[in-house]
Amino acid sequence: MAFIKFNKDELVNLSYSLKREIISANKTGAYCNTSIVCCNTRKYHALLALPVDEFLGEQHVLLSSIDESILVEGKQFNLGIHRYGDVYEPRGHKYIVDFEADPLPRVTYKVGDVKISKTLVLAENKDQLLIRYTVHSSPSKISLSLKPFLAFRNIHSLTKENNIADTNFASAVNGRSYCMYAGFPRLFLQLNKASGLSIDDEGHWYKGLTYSDEQRRGFESVEDLYVPAVFNIELKEGESLIFSASTQEEKPVSMKRTFNLEEKKSMEIKDYEQQLLHCADLLVRDRNAHKMINSGFSWLYPGQMRATLYSLTGLTLYANGDKKLFEEILDNLIADNQERFFRKTKHVEAPLRLADVLQEYIAFGAKAKSVWNKYGDTVKKVIESYAPAKREEISLQPNGLLWAQKDGIALSWMDAYIDGRPVTAREGFQVETNAFWYNSLCFAIDMEKKYGQKDSPFVLEWSYIRDLAKENYQKVFWNDNYGYLADYVDTQGQHMEVRPNMLFPVWLKNSPIDDFCASSVVNVISRELLTKRGLRTLSPRNSEYRGVYEGTQKERDLAYHQGSTRPYLLYPYVDTCFRMMGKAFVKKAEWLVEGFYDDLNKHGIGAFAEIYDGDPPHEAHGAISSAMSTAALLAVNYLIKQYK
C-alpha cells in the first residue's frame, strides 16, 4: 500500500483536492508540479518546467499540462480538467478513483468497465518527463488521445495568444518537436509505440485558462496556451504506453527502459523519515555539474546565500552524513556570491552565518585544522568586509556592534514589503545580526590562533572588536523590566517586540549573553512563540500579530513576519533546549515534529512547507517544499537520535 494516497470521495471534491499538490524534481533543476487531480491552480504549475541556460538559468514552463481522452465504443470521455473563469471544463476529475504517491505520483481513472492509470516520473539527470499509461481493464480496445498544452514562458509570467509564437513543428520519431520562441530548447513530444499512432497537427490556442490560487491572491491569473496537436493511439487491456516530453529527441525503444530504471531508483516510502530524506534529495540539484540547494518549490530560487547557509548542514550532514556534498555546495556558494559575501548584500546577517555553519561541520567530525586551512581566509575576509566604510548597508560602530540601515530597504530576513516599503525595517542594531557577528569574531580568532600564522595581524586587530562586542551586547539588548532581549535598537531606543530573532544569541556556540539572560529568553520564546509548526514570527500578545496567512497580497505580507510560523527555527530552538535539559527534552522534541508528518497529505503532498499559520490548526502556506524547513526537521531528527 502507498504511504500517501487519496480516495475517490476526496479526489472528486475540488475544494479539497485542488489544495493538494504533486511535486517532483530531478537533479537538472526540472520539476513537475500540479494538483493531485492534474488541474493547474498556479502559474507555477507545470508538467515540465526547467531552467533555460539561455535565460540565465531561470525556470520556464514548457509543457503546462496534458488532456487525456479515451474513446470507448464510439463514446469519448475527457479525463482532463481546467478552469475557465468560474467554470471547470472538462470535468475529468469525476473519473478519478485513486491517487498514490510512493513516491511516484499515480492517478487512476475508471470509466465504466475501463480502468486506466498514469504514472509520472522525471528522468534524474536530464530534462525529461515520462508518463506511463496502463490499461488495467477494458472489455475491448480503446483509443487514447493526448492533447499537450504548451506555454514556453517564465514561471513568474503568463502568456497570451500572439503572432510571434512559432507554431510550426518538426517531425520526430513517433512524435513532434516544437520551439515557440527564440532562445528556448526544442521540446520533443514522443510515444514509445508507432503501431496505431496518428497525429492531428491542427493546432489551436486555448484562451482564458484561469489559475484559482493566483486569482484568490489578487494576481494576474488568466492565460492562453497553445495545443499544437493531438496524439491518438489504440491500446488494449494489459497494455502500457510511455509518453516522453524531453529537450532532446529520444529513442522510442529506450523509453520503457528509462521509465523502469527511474521507477526502480525511486525508493518505496515506508515511514516519515524516508519521506524526509526523499524531500531533501529533491532539493539538491546538480545542473551542468554545479551542485546547489534549491530554496524551495516551485518559485523560490536555487543557490541563494541565506537559504543555503541555513539549510546546508541539514540537507547534507544530518540527512546522510555526506561531507563531500557539504563542501561541494559550500564551495559553489562562495564562488557564486563573491559580491554578497565580501561587498554588499541586503541579507546583512547571512555572510556571518558561514562561521556557525563551519562550527557545525567541525562538531559533526570534520578536522578543524583542515576546515580552517580551506575556509579560514574566506571567514576572515567576510569579517573584514564589515570594517568601517566597507559596506554601505551596515557599519561597525565604536561599541563593537553592527548598525544596519538603508532607507526603504529591509536589511534582515524579515523582508516583506507593502507599497515598496518594508513591513519590518528593523533599522539599527539587530539582535541576531550582532549575535552572528560576535560568534564569527570568536570563531575566527580562536581558529587563527590555533591554526593560522604566528602573531597574526588579524588576531591583533579583531580581538579588541570582539571584546567590545562582548562588553556591549547585553548592555544594548537586554531589558531587565521585560526579562528578554530587544529585537532591535535604534535612535528611539529598544524595540521590545517578542520575536524569534533573540533565540540566536542563546543558540550560537559563542554566546554574548550570560546564562540567566539565556534561560529567560528561552522561557519567553517557549511561552509566546512556540507552536507545533515552528516558532511564530511575532507574539500573539502584540497588536500587530496576524495569525492567519490569507487574503490579499497586502494582508499576506502583513502576516508573513508578523505571526506566521517558521519551521526552520525549530532546529536552533530544539538544539538549545537539548543543551539546557539534555535527554529530558526528547519527548517534547518528538512532539514538536509530529505535526509536520500529520500534514504530509496537505499543501505539497509529501513535502514540508515554508510557513504555517501562527493560529491553530496551523495550516501550511508559502513554498510547498522548503529547503530550510526540510533541513531543520532533518537536524531535529538527528538530535533526537543522538540524545536517545
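All heavy atoms count here, side chains included; hydrogens, waters and symmetry mates do not.
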*Asks:* Nearest 0.5 Å please: distance from the OG1 atom of T41 over to the CG atom of L18.
*Replies:*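 Between T41 OG1 and L18 CG, I get 6.5 Å after rounding to 0.5 Å.
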*Asks:* Take a 6.0 Å sphere around CZ of R42 and say whether it holds more than 12 heavy atoms from other residues, nucleotides or ligands.
*Replies:*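 For R42, atom CZ is crowded (more than 12 foreign heavy atoms under 6.0 Å).
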*Asks:* Any chance you could lay out the side chain to side chain contact (heavy atoms under 4.5 Å, CB included) test for L530 and L592, step after step, and finish with the verdict?
*Replies:* CA-CA 9 Å; L530 184 64; L592 286 171; 3.8 Å; yes
*Asks:* What's the separation between atom CZ in R343 and atom CG in N337, rounded to the nearest 0.5 Å?
*Replies:*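 It comes to 11.0 Å.
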*Asks:* Tell me, do E223 and R153 make a side-chain contact under 4.5 Å, heavy atoms counted?
*Replies:*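 With C-beta onward as the side chain, the pair touches.
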*Asks:* Look only at the side chain of N637 and the backbone of E273, and say whether a donor-acceptor pair between them is shorter than 3.5 Å.
*Replies:*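 Here the side-chain-to-backbone pair does not exist.
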*Asks:* Between the side chain of S35 and the main-chain N/O of C39, is any donor-acceptor distance below 3.5 Å?
*Replies:*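 Looks like yes, one N/O pair under 3.5 Å.
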*Asks:* Is it true that a side-chain atom of Q59 and a backbone atom of G29 form a donor plus acceptor pair closer than 3.5 Å?
*Replies:*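 The answer is yes, because a donor-acceptor pair under 3.5 Å joins these two groups.
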*Asks:* Output yes when a side-chain donor or acceptor of R556 lies under 3.5 Å from a complementary backbone atom of G551, and no otherwise.
*Replies:*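 Looks like yes, one N/O pair under 3.5 Å.
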*Asks:* May I ask you to test the N33-W299 pair for a side-chain heavy-atom distance under 4.5 Å?
*Replies:*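 Answer no - side chains too far apart.
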*Asks:* Between atom OG1 of T433 and atom CG of L352, what is the distance when rounded to the nearest 0.5 Å?
*Replies:*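 The distance works out to 7.5 Å.
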*Asks:* Does K475 come within less than 4.0 Å of E471, counting only side-chain N to carboxylate O?
*Replies:*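 The answer is yes: the pair qualifies as a salt bridge.
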*Asks:* How close do T424 and H561 get, heavy atom to heavy atom, and via which atoms?
*Replies:*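 Taking T424 first and H561 second, the nearest heavy atoms are OG1-CB, 4.4 Å.
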*Asks:* Against R426, only a single residue in D487, D415, D490 fulfils salt bridge (charged side-chain N to carboxylate O under 4.0 Å, His left out); can you say which?
*Replies:*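 Only match with R426 under salt bridge (charged side-chain N to carboxylate O under 4.0 Å, His left out): D487.
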*Asks:* Considering residues, nucleotides and ligands other than Y482, do more than 12 of their heavy atoms fall under 6.0 Å from its OH?
*Replies:*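 For Y482, atom OH is not crowded (no more than 12 foreign heavy atoms under 6.0 Å).
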*Asks:* Please determine whether side chain to side chain contact (heavy atoms under 4.5 Å, CB included) holds for the pair S17 and V12, giving the CA-CA distance in whole Å, both sets of side-chain angles, and the decisive distance to 0.1 Å.
*Replies:* CA-CA 7 Å; S17 57; V12 299; over 6 Å; no
*Asks:* Under 3.5 Å, is there a donor-acceptor pair between the Q359 and N439 side chains?
*Replies:*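 N439 and Q359 do have a side-chain donor-acceptor pair below 3.5 Å.
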*Asks:* Is M414 close to R499 at the side-chain level, that is, under 4.5 Å between some pair of heavy atoms?
*Replies:*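 Counting from C-beta outward, R499 and M414 do come under 4.5 Å.
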*Asks:* I'd like to check F364 versus T316 (side-chain heavy atoms, cut-off strictly below 4.5 Å). Are they in contact?
*Replies:*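 No; the side chains remain at least 4.5 Å from each other.
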*Asks:* Just by distance, no angles: are the side chains of D213 and Y44 close enough, under 3.5 Å, to form a donor-acceptor pair?
*Replies:*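 Per modelled atom types, D213 and Y44 side chains form no pair under 3.5 Å.
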*Asks:* Which heavy atom of S626 sits nearest to which heavy atom of L283, and what is that distance?
*Replies:*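 Between these two residues, the closest heavy atoms are O-CD1, 3.9 Å.
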*Asks:* Looking at OG of S629 and CG of L569, how far apart are the two atoms once the value is rounded to the nearest 0.5 Å?
*Replies:*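 Atom-to-atom, S629:OG and L569:CG are 9.5 Å apart.
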*Asks:* Counting distance only, does the side-chain N/O of H603 pair as donor-acceptor with the main-chain N or O of G622 below 3.5 Å?
*Replies:*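 It does hold such a pair.
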*Asks:* To check you understand the geometry: which heavy-atom pair defines the closest contact between P500 and L535, and what is its length?
*Replies:*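 So the two residues come closest at CB-CD1, 4.1 Å.
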*Asks:* Kindly compute the distance separating CZ (R466) from SG (C442), expressed to the nearest 0.5 Å.
*Replies:*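 Answer for the CZ-SG pair, R466 versus C442, is 6.0 Å.
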*Asks:* Ignoring hydrogens and angles, state whether a donor on the side chain of H45 or E21 is under 3.5 Å from an acceptor on the partner side chain.
*Replies:*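 Side chains of H45 and E21: pair found under 3.5 Å.
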*Asks:* Answer yes or no: is there a donor N or O on one side and an acceptor on the other, between the side chain of T345 and the main chain of V348, under 3.5 Å?
*Replies:*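 No, the answer is negative, given that no donor and acceptor are paired below the 3.5 Å cut-off.
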*Asks:* Taking the six-membered ring for Trp, is the centroid-to-centroid distance between H93 and Y16 below 6.0 Å?
*Replies:*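 No, ring centres 6.0 Å or more apart.
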*Asks:* Taking all non-hydrogen atoms of both residues, which atom of S412 and which atom of E432 are closest, and how far apart?
*Replies:*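 Distance-wise, the nearest heavy atoms are CB-OE2, 3.8 Å.
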*Asks:* Under 4.5 Å between any side-chain heavy atoms of Q430 and L411, yes or no?
*Replies:*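 They are in side-chain contact.
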*Asks:* Take F443 and K509 through the test side chain to side chain contact (heavy atoms under 4.5 Å, CB included) and record every step on the way to the result.
*Replies:* CA-CA 9 Å; F443 172 69; K509 183 176 181 181; over 6 Å; no
*Asks:* So, using ring pair (Phe, Tyr, Trp, His ring centres under 6.0 Å) as the criterion, who are the partners of Y272 when residues are at least two apart?
*Replies:*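 Once residues adjacent in sequence are excluded, the partners of Y272 under the ring pair (Phe, Tyr, Trp, His ring centres under 6.0 Å) criterion are F3, Y597.
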*Asks:* Given 3.5 Å as the limit, does a donor-acceptor pair link the side chain of T576 with the main chain of P572, or not?
*Replies:*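 The answer is yes, because a donor-acceptor pair under 3.5 Å joins these two groups.
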*Asks:* Y386 vs W437, test: side chain to side chain contact (heavy atoms under 4.5 Å, CB included). Steps then yes/no.
*Replies:* CA-CA 9 Å; Y386 287 81; W437 171 239; 3.7 Å; yes
*Asks:* Please identify each residue that fulfils ring pair (Phe, Tyr, Trp, His ring centres under 6.0 Å) with Y568, with sequence neighbours left out.
*Replies:*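 Result, ring pair (Phe, Tyr, Trp, His ring centres under 6.0 Å) vs Y568: Y310, W413.
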*Asks:* Do any N or O atoms from the side chain of Y484 and from the backbone of M496 form a donor-acceptor pair under 3.5 angstrom?
*Replies:*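 Such a contact is found between Y484 side chain and M496 backbone.
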*Asks:* State, with a plain yes or no, whether a side-chain heavy atom of E619 is found less than 4.5 Å away from one of Y549.
*Replies:*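 With C-beta onward as the side chain, the pair stays apart.
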*Asks:* Regarding T537 and R566, is there a side-chain donor-to-acceptor distance under 3.5 Å anywhere?
*Replies:*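 Judged by distance alone, the side chains do not pair up.
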*Asks:* What closest approach, in Å, do H82 and L209 show between heavy atoms, and which atom pair accounts for it?
*Replies:*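 Residues H82 and L209, closest heavy atoms: ND1-CD2, 3.5 Å.
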*Asks:* Looking only at side chains, do Y318 and E360 share a donor and an acceptor under 3.5 Å apart?
*Replies:*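 A donor-acceptor contact under 3.5 Å links the two side chains.
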*Asks:* Give me the one residue out of Y571, F578, F436, Y573 that meets ring-ring contact (aromatic ring centres under 6.0 Å, His included) with W507.
*Replies:*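 For W507, the ring-ring contact (aromatic ring centres under 6.0 Å, His included) check succeeds only for Y571.
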*Asks:* Quick one: pull up CD in E349 and CD1 in I394 and give me the separation to the nearest 0.5 Å.
*Replies:*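 Between E349 CD and I394 CD1, I get 9.0 Å after rounding to 0.5 Å.
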*Asks:* Given R536, which partner from the list T565, V498, D613 fulfils the side chain to side chain contact (heavy atoms under 4.5 Å, CB included) test?
*Replies:*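 Between R536 and the candidates, side chain to side chain contact (heavy atoms under 4.5 Å, CB included) is satisfied uniquely by T565.
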*Asks:* Specify the closest pair of heavy atoms between L300 and A623, including all atoms of both residues, with the distance to one decimal.
*Replies:*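 That closest heavy-atom pairing would be CD1-CB, 3.7 Å.
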*Asks:* For D599, check salt bridge (Lys or Arg N to Asp or Glu O under 4.0 Å) against everything at least two apart and list the hits.
*Replies:*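 Applying salt bridge (Lys or Arg N to Asp or Glu O under 4.0 Å) to D599 gives R533, K602.
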*Asks:* V489 versus L401: any side-chain heavy-atom pair under 4.5 Å?
*Replies:*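 Answer no - side chains too far apart.
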*Asks:* Counting only heavy atoms from other residues, nucleotides and ligands, does the tally under 6.0 Å from CG of D514 exceed 12?
*Replies:*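 Atom CG in D514 is crowded, with more than 12 foreign heavy atoms closer than 6.0 Å.
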*Asks:* Flag the pair D407 / R421 as yes when at least one side-chain heavy-atom distance between them is below 4.5 Å, and no otherwise.
*Replies:*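 Side chain of D407 against side chain of R421, heavy atoms only: contact under 4.5 Å found.
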*Asks:* Give a yes or no on whether K19 atom NZ has more than 12 heavy-atom contacts from other residues, nucleotides or ligands under 6.0 Å away.
*Replies:*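 Not buried by this count: 12 neighbours or fewer within 6.0 Å.
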*Asks:* Looking only at the aromatic ring of each residue, does the gap between the centers of F326 and Y361 stay below 6.0 angstrom?
*Replies:*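 Yes; F326 has its ring centre under 6.0 Å from that of Y361.
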*Asks:* Verify the neighbour count for atom NZ of K344: are there more than 12 heavy atoms of other residues, nucleotides or ligands below 6.0 Å?
*Replies:*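 Not more than 12 within 6.0 Å, no.
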*Asks:* Could you walk me through whether D467 and K470 pass the salt bridge (Lys or Arg N to Asp or Glu O under 4.0 Å) test, one step at a time?
*Replies:* CA-CA 5 Å; D467 295 342; K470 171 69 171 178; over 6 Å; no
*Asks:* For the pair S520 (side chain) and C517 (backbone), establish whether a donor and an acceptor sit closer than 3.5 Å, ignoring hydrogens and angles.
*Replies:*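 No: the side chain of S520 does not pair with the backbone of C517.
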*Asks:* Has S311 got a side-chain atom pairing as donor or acceptor with A631's backbone, closer than 3.5 angstrom?
*Replies:*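 Not at all, since once roles are kept as given, no pair shorter than 3.5 Å links the two residues.
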